[in-house]
Amino acid sequence: MRFATLAATLLLTASQALAIGDLAFNLGVKKNDGSCKSTQDYESDLQVLKPYTNKVKVYAASDCNTLQNLGPAAENEGFQIFLGIWPTPDSHYQEEKGAVSANLPNLKTSTFAGFLVGSESLYRNDLNAEQLAGLVNDFRSFVSGIKDSQGNSYSSVQVGIVDSWNLLIASYNAPAVQASDFVMANAFSYWQGQTMGNASYSFFDDIMQALQTIQTAKGSTDIDFWVGETGWPTAGANFDASEPSVDNAKQFWQEGICALRAWGVNVIVFEAFDEDWKPASAGNADVETHWGVWSSGDSLKYPLSCNLS
Ligand SMILES: *[C@@H]1O[C@H](CO)[C@@H](O)[C@H](O)[C@H]1NC(C)=O
């Protein structure tokens, strides 16, 4: 009897542990030679990702015809897209809206996990919080007027923001959080110069501060929250005490990404594939081509199963 009870308890624990945070990947939109990916290229990418996730995030709709090319690939492969809308300068924002109004009517609302206005716009100081809030509201009303291929309004898709955790915790940025249906926080222990011994602690601390500030700004814990970007580079120069390597990326995967997901937090990893086309410029830019969990040739660099024992 005692064993039966114990077994039931263990089963319960195991099924609760399955309420793990979702996993998704940031996806580059260019091939190794710097040309734009086609629908066929995206299909190949999504087939590689499929055993691990059904969601990808991209930064813009019009650049590289991303929405036009990725949209049909996502529908064919059963994926959802977090679609970035690049809001600056205004001429670019108008191009984004053009791509959205041209392509969303051919796709389904269920293909979109959310629309993200800007990416680290606050961090780069491209926009202040009030301006970003205004654009979130503008995009929400714009997209509400578009119907999908089944006649459903895109008003059902959430509109939010993604920014660096340390900007999201600033009280003066609360208006941007308040305007958003959902929020994503980016945090890179690598760029904070952390040792492997402190990288997961630092990551957890950043994300918990961001989550708490977002919940306070929204006046509710009932808000969709994601880590929008995190990861560890597998090669390139050290940044203070942070060292790129496959072993360290593998360790951060387990102790940072898997651990945070085990607490139920959704994580979008930066990034799916190495982007060989990125220019090797000064300073630490040589890490920029080594953030992929897969090489640019689609080979997985380390195992992705979480050892949550
Ligand atoms: C570890 O991370 C925490 C949170 O980011 C930070 O406050 C602390 O200074 C870090 N410790 C070391 C030794 O860097």
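When a residue number appears, it is its place in the shown sequence, counting from 1. Every number for a ligand or one of its atoms is a count from 1 in the order of the listing.
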When you look at Ser38 and Asp41, which way does the side chain to side chain donor-acceptor pair (under 3.5 Å) test go after all the steps? CA-CA 5 Å; Ser38 65; Asp41 295 321; 3.0 Å; yes
Any protein N or O within less than 3.5 Å of an N or O in ligand 1? List each pair with its distance, or say none.
residue, atom, partner, partner atom, Å
ligand 1, 2 (O), Asn198, ND2, 2.4
ligand 1, 5 (O), Ser202, OG, 3.3
ligand 1, 11 (N), Asn198, ND2, 2.9

Determine, for Lys301 against Asp274, whether the closest basic-nitrogen to carboxylate-oxygen distance falls under 4.0 angstrom. yes
Would you mind checking if Lys31 and Asp33 are paired as a salt bridge, meaning a charged N to carboxylate O distance below 4.0 Å? no
Are any of the side-chain nitrogens in Lys30 or Glu275 under 4.0 Å away from the carboxylate oxygens of its partner? no
Determine all donor-acceptor pairs shorter than 3.5 Å in which one atom belongs to a side chain in residues 127-139; sequence neighbours excluded.
residue, atom, partner, partner atom, Å
Asn128, OD1, Glu130, N, 3.1
Asn128, OD1, Gln131, N, 2.8
Gln131, OE1, Asn128, N, 2.8
Asn137, OD1, Arg140, NH1, 2.8
Asn137, ND2, Ala133, O, 3.3
Asp138, OD2, Tyr93, OH, 2.6
Asp138, OD2, Lys97, NZ, 2.8

Ser189 OG to Phe252 CZ distance, which is reported to the nearest 0.5 Å: 4.5 Å
